[in-house]
Amino acid sequence: MSLHQEFRDNVQTIISRLVEKGALPEGLATNAVSVEPPRDSSHGDLSTNAAMVLAKPAKMKPRDIADLIKPELESLASVASVEIAGPGFINIRLEPGVWEDELRKAITLGVNYGDSKLGGGEKINVEFVSANPTGPMHVGHCRGAVFGDVLANMLAKAGFDVTREYYVNDAGGQITVLAKSALLRYREALGESIGEIPEGLYPGDYLVPVGQLLKSEHGAALGEKPESEQLEIVSTVATDAMLDLIREDLDALGITFDTFSSETSLHARKSIDSALAALNERGLIYEGILEPPKGKKPDDWEPREQTLFRSSQFGDDTDRPLKKSDGTWTYFAADIAYHDDKIKRGFSKMIDVWGADHGGYVKRMKAAVNAISNGDAELDVKLCQMVKLMRAGEPVKMSKRSGDFVTLREVVDEVGRDVVRFIMLTRKNDAPLDFDFAHVVEQTKDNPVFYVQYAHARVRSVMRKAAAEMPELDLSSSALAAAPVSLLEHSGERVLLAKIGDWPRSVEAAATSHEPHRIAFYLAELAAAFHAQWNQGTDDPNLRFLDAKNPDLSHARLALIQGVASVIASGLNLMGVTPVEEMR
RNA sequence: GCACCCGUAGCUCAGUUGGAUAGAGCGCUGGCCUCCGAAGCCAGAGGUCACAGGUUCGAAUCCUGUCGGGUGCGCCA
């Protein structure tokens, strides 16, 4: 549990005690009570809004409530002093030992510092990537992949039972196109001259090996079967091959999944029929005609009776079709069955990570989940905006038609996995992101990857120097955890202590808000505070981490920066980035 | 036409789920290395949080409307 969480509990206990004593009225809701570090650190270590939040329901003045809470807080062992400020903030100054205990935890627990039980072991499903198995992954998939992976890491750290899931869209038109394209490559492998790949088929070279595979497995025999049978065989072979490609790409990014769910298997298991039958029983499905969208009427619009889902009853703008005109299910119908399947597998919490171009799909999916679960299941959809590839300030041109789009692999090969992963989280998901090949590998302060890695490397470097120059100091974790850290009195050192102690809360906040980018920003702030302290030593040698004349203080400072390194390692670990020992 | 996302310093962006005097990097201005930690450091200027209303102790944050940008809009997935 984070320090802040602990204090929130303390405050709530105090409130209920005051209610028992009759000092506060009964039935107060305390959900809105929060304990946070104040924006301005001169206000203290922690701040709670309890008095202001309770003022209205209790029909009392905030300051009066604060006066009641203040002595109770002061009686806590870890509290040094309490002040009431502004409109009713209760500012808490902690005993210095509290932050020092946090530092000891960081040193002792290492990358596990910040683990929490917030999730209470609850199952949660994170579905991400889910790129169509029709070719290798391109950069567009990259952001969602990293986002989903880190989100899953964060939720696991916060105590949820996380399942990472990939939905394989191995049914539908694009798979037929894939099969036809592969079949062409098969004929090519047999020696036939195929010329230009026709418009509408996938032109990429990555299908050449699939053609050769088909040849080695079937010889010339495949071509003699009826076309429908050919396509069926080739579909499976080609999708499997494409999934292998995708798995290799994911591997290059360091991403693995617990589950691959197949759309085809939903069809095969009649999951769609059963999911929709349940909706039908509740009168949520009907035959009807949709209005054309106003102001943007398609040229070939004609009124048509379709099987529709009453998603407008659940907050969607209009009802949505479940069947195509040829009688087969729409993608949406399959997706309802898919989410129904997740719910049946025990997930009442689900997160889908999609590209921003699917934004128009969010409401209907949430509506569907709401309907099939009777409101019991919760779906959060995170949309990742576009990544704009740049090279020295110029946009990189991509033409999907000619098949020469930039693949994920090319990007990873050029700048490295760690850089890609980190940069993808330097913007919140719903903001577009510029990815400049030149900029992301620059070794300057405005490159957060470098800045954070550099901080970690600097700590390691100081540790190596300490081992060489002050051999009398024991640098093991247990010895550092026992260092006399109360000697750390410089304001910059106290700032670092507080920042380290804020890590568990930051992880919890990022996990509950489903916002992985907060980890990257936290790390950049921690690194900045660390570099600032390092720089203090440039002006004033007394502030350097190592002082041969003062081994005790040196030991304490080494403990401090070991804590910094632990937290950075913990954060980078969440982001799937390897902390470096030295800069090269 | 409708829906969703966005609009914060000259630029690129954060902003702890409604908190106190709105922050960072770059850029700009001014300081700091013949030497011990300068791939730099310190300080400063720079804001009507797009605009107008509303909700309340309190709004960049929530609601309504307007303007501007992006994404999408019955059989694709």
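Chain letters run A, B, ... following the sequence lines, proteins first and then strands; every chain starts at 1. Keep in mind the model is a prediction, meaning the values are calculated, not measured.
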A.B. asks: Between B:A77 and A:Lys324, is there an OP1 or OP2 to side-chain N/O distance shorter than 4.0 Å?
C.D. replies: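 Answer yes for this pair, as a side-chain N or O of A:Lys324 is under 4.0 Å from OP1 or OP2.
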A.B. asks: Just how far, in rounded Å, is C1' of B:C73 from CG of A:Asp316?
C.D. replies: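 So the CG-C1' distance, A:Asp316 to B:C73, works out to 11 Å.
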A.B. asks: Does a side-chain heavy-atom distance below 4.5 Å link A:Lys70 with A:Ile84?
C.D. replies: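 In contact.
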A.B. asks: Between A:Phe309 and A:Arg320, is there a cation-pi geometry (under 6.0 Å to ring centre, at most 45° from the normal)?
C.D. replies: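 Not flagged: A:Arg320 not positioned over aromatic ring of A:Phe309.
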A.B. asks: Give the rounded distance in Å between these two atoms: OH of A:Tyr451 and P of B:G25.
C.D. replies: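 About 8 Å, once rounded to whole Å.
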A.B. asks: Cation-pi between A:Lys324 and A:Trp329: NZ/CZ under 6.0 Å from ring centre and within 45° of the ring axis?
C.D. replies: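 Judged by the rule, A:Lys324 and A:Trp329 form no cation-pi pair.
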A.B. asks: Within this structure, what is the NE2-to-P distance between A:His439 and B:G27, rounded to whole angstrom?
C.D. replies: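 So the NE2-P distance, A:His439 to B:G27, works out to 11 Å.
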A.B. asks: Using the test salt bridge (charged side-chain N to carboxylate O under 4.0 Å, His left out), find all partners of A:Lys428 that sit at least two apart in sequence or belong to another chain.
C.D. replies: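 For A:Lys428 there are no salt bridge (charged side-chain N to carboxylate O under 4.0 Å, His left out) partners, ignoring immediate neighbours.
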A.B. asks: Respond yes when some side-chain nitrogen or oxygen of A:Arg304 is under 4.0 Å from OP1 or OP2 of B:G74, and no when none is.
C.D. replies: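 A:Arg304 to B:G74 OP1/OP2: no side-chain N or O under 4.0 Å.
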A.B. asks: Where each pair must be Watson-Crick or G-U wobble with both distances under 3.5 Å, what dot-bracket representation of RNA chain B is obtained, with crossing pairs in [ ] and other-strand partners as |?
C.D. replies: (((((((..((((.....[...)))).(((((.......))))).....(((((..]....))))))))))))....
A.B. asks: Indicate, yes or no, whether a donor-acceptor pair under 3.5 Å links the base of B:A77 to the side chain of A:Thr330.
C.D. replies: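 No such pair is found, so the answer is no.
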A.B. asks: Determine: side-chain N/O of A:Lys323 to OP1/OP2 of B:C75, distance under 4.0 Å, yes or no.
C.D. replies: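 It does not, given that no N or O in the side chain of A:Lys323 lies less than 4.0 Å from OP1 or OP2 of B:C75.
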A.B. asks: Decide yes or no for A:Phe89 and A:Met52: does some side-chain heavy atom of the first lie under 4.5 Å from some side-chain heavy atom of the second?
C.D. replies: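 A:Phe89 reaches A:Met52 side chain to side chain.
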A.B. asks: Under the rule for side-chain hydrogen bond (donor to acceptor under 3.5 Å, both in side chains), what residues qualify as partners of A:Ser554, not counting sequence neighbours?
C.D. replies: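 A:Ser554: no side-chain hydrogen bond (donor to acceptor under 3.5 Å, both in side chains) contacts found.
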A.B. asks: Let me know the distance between CD1 of A:Ile84 and P of B:G19, rounded to the nearest Å.
C.D. replies: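 So the two atoms are 20 Å apart, to the nearest Å.
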A.B. asks: Taking atom P of B:C13 as reference, at what distance in whole Å does atom NZ of A:Lys388 sit?
C.D. replies: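 Result: 8 Å.
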